[in-house]
2 protein chains.
Amino acid sequence: MALEHAILVSLAEKTASGYDLARRFDASIGHFWKASHQQIYKVLGRMESDKWVESHLVAQDNRPDKKVYSITNEGRDELMRWSSVPTPIEPLRSEFAVKLRGTQFGDREAVLADVRVRRAAHEAQIAYYEASAQRHYPEPASLREDELGAYLVLRGGILAEQTGMAWCDEILQAFEAER
Amino acid sequence: MALEHAILVSLAEKTASGYDLARRFDASIGHFWKASHQQIYKVLGRMESDKWVESHLVAQDNRPDKKVYSITNEGRDELMRWSSVPTPIEPLRSEFAVKLRGTQFGDREAVLADVRVRRAAHEAQIAYYEASAQRHYPEPASLREDELGAYLVLRGGILAEQTGMAWCDEILQAFEAER
DNA sequence: CCTGACATGTAACGAGTTACATGATTGA
DNA sequence: TCAATCATGTAACTCGTTACATGTCAGG
């Protein structure tokens with residue numbers, strides 16, 4: 001399972017509570033791997049049994065206690081082992097593609113409206129990613145070693161969104177040409 | 001669930017047995033939505049209870065009987081209804097991105113080897129898709145209405161694979177530059 | 001005789017989502 | 001007083017995968 005490894009990577013960067021991790025999975029890491037807090041707590045429990053992480057309670061003023069997790073040496077070993085195994089190639093999976101394929105059996109105008117909404121969403125996401133790149137990595141030619149991975153992932157996000165937008169444009173053009 | 005609708009689209013094009021559908025999900029439709037035969041039989045059962053499809057047994061010579069499914073009017077109505085509801089935007093989900101992000105905690109050379117394998121896989125997939133496009137849609141400027149959806153989905157596949165390959169190239173370059 | 005294509009399922013499990021459950025503090 | 005943020009979980013359910021289960025026929 002990749003969620004465990006996503007958590008290990010996140011904890012290797014910085015210790016965190018389940019709540020902190022849930023917020024990270026809403027932002028940075030969450031751009032390519034989503035997880036709900038419920039699932040995170042569940043998996044953290046299993047990971048602690050497996051000794052990949054350990055926790056200690058931290059009391060706070062005016063706030064609930066929190067359980068701060070950190071990665072163990074066994075966790076670091078597992079990360080090393082996992083990184084050396086080839087990643088299975090994930091097949092594409094797109095409900096939108098199914099719908100596009102079946103346009104002739106559906107509401108053509110609604111599908112086109114959907115394409116326009118998706119195009120706008122891709123556009124917004126590109127703007128967001130590019131602002132993020134500008135802010136965190138203004139000089140991509142001289143990145144620190146520990147920044148490279150996150151930067152390349154961001155680049156992957158930008159490329160994917162640009163492609164999504166280009167696809168929407170092609171679909172709109174094809175449908176307009178046909179009219 | 002989209003599998004039900006993928007099956008509806010497939011049956012709207014042509015009646016099929018569970019076995020036939022499983023083969024279609026290994027090829028054309030399967031390029032953007034995978035399903036095992038076990039899952040298909042399970043879902044077909046539910047869809048028949050819901051009256052979206054109906055089946056009749058067909059005896060064959062020298063072969064086992066088969067249950068041929070066809071879409072009902074209710075099934076067509078459902079397809080129309082579904083097509084008019086906006087498709088939820090599927091967030092990216094990539095174990096490979098997690099691994100890339102965590103390269104500093106792993107085996108850098110193994111990750112790079114993985115990138116090269118993935119690049120080759122994208123390249124092969126592009127060749128496959130382009131041959132398919134050439135064979136089925138030699139003249140994209142003049143497509144029949146019932147071909148347009150499948151053609152555009154194929155285009156989406158080509159664009160996605162090209163992007164995947166471009167990303168791999170960027171990763172390889174960045175790691176080589178750093179050395 | 002053995003493999004592969006044809007044909008249809010069940011059972012057990014794992015991953016992930018949705019709904020439920022609780023409780024403190026801060027600011028509008 | 002009401003909503004938002006902080007903080008941690010359980011329970012029920014759905015979707016999908018893997019393993020198991022069975023049997024025919026054609027071709028090498």
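No experiment lies behind these values; they were computed from the predicted model shown. Chain letters run A, B, ... following the sequence lines, proteins first and then strands; every chain starts at 1.
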Please list every donor-acceptor pair under 3.5 Å in which a side-chain atom of residues 124-133 of chain A meets a protein atom from a residue at least two apart or in another chain.
none

Sugar-phosphate, base or nothing in reach of B:Gln60, heavy atoms under 4.0 Å: sugar-phosphate
Please give, in whole Å, the distance from C:dA21 P to A:Tyr41 OH? 19 Å
Is the centre of the B:Tyr69 ring less than 6.0 Å from the centre of the B:Trp52 ring? no
Send over the distance from B:Tyr19 OH to C:dT8 P, rounded to a whole Å. 9 Å
Looking across every strand, which nucleic acid part, if any, lies under 4.0 Å from B:Lys67 by heavy atom: base, sugar-phosphate, or nothing? sugar-phosphate
Rounded distance (Å) that lies between atom P of C:dT8 and atom NE2 of B:His56: 12 Å
Take the protein atom CD of B:Gln39 and the nucleotide atom P of C:dC13, then report the distance between them rounded to whole Å. 19 Å
Is A:Ser36 close enough to C:dG16 that one of its side-chain N or O atoms is under 4.0 Å from OP1 or OP2 there? no
On DNA chain D, which is the earliest and which the latest nucleotide, 5' to 3', with an atom closer than 4.0 Å to a heavy atom of chain A? D:dT5 to D:dG16
For B:Arg24 and C:dC6, give me the distance from atom CZ to atom C1', rounded to whole Å. 16 Å
Strictly below 4.0 Å, N to O, side chains only: are B:Glu95 and B:Lys99 in salt-bridge contact? no
Measure CZ/A:Phe25 against C1'/C:dT17 and give the value in whole Å, please. 16 Å
Residue list, salt bridge (Lys or Arg N to Asp or Glu O under 4.0 Å) with B:Arg144, at least two apart or on another chain: B:Asp146, B:Glu147
May I ask you to decide whether B:Arg155 forms a salt bridge with A:Glu170, counting only side-chain N to carboxylate O separations under 4.0 Å? yes
Answer yes or no: is there an ion pair linking A:Arg118 with B:Glu90, defined by an N-O contact shorter than 4.0 Å? yes
Measure OH/B:Tyr69 against P/C:dA7 and give the value in whole Å, please. 14 Å
Side-chain donor-acceptor pair under 3.5 Å between B:Thr103 and B:Arg108, yes or no? no
Nearest-nucleotide 5' precedence on DNA chain C, B:His37 against B:Lys42: B:His37
Report the residue (B:Arg46 or B:Gln38) whose heavy-atom-nearest nucleotide on DNA chain D is the more 5′ of the two. B:Arg46
Please report the distance, rounded to the nearest Å, between NZ in B:Lys66 and P in C:dA7. 5 Å
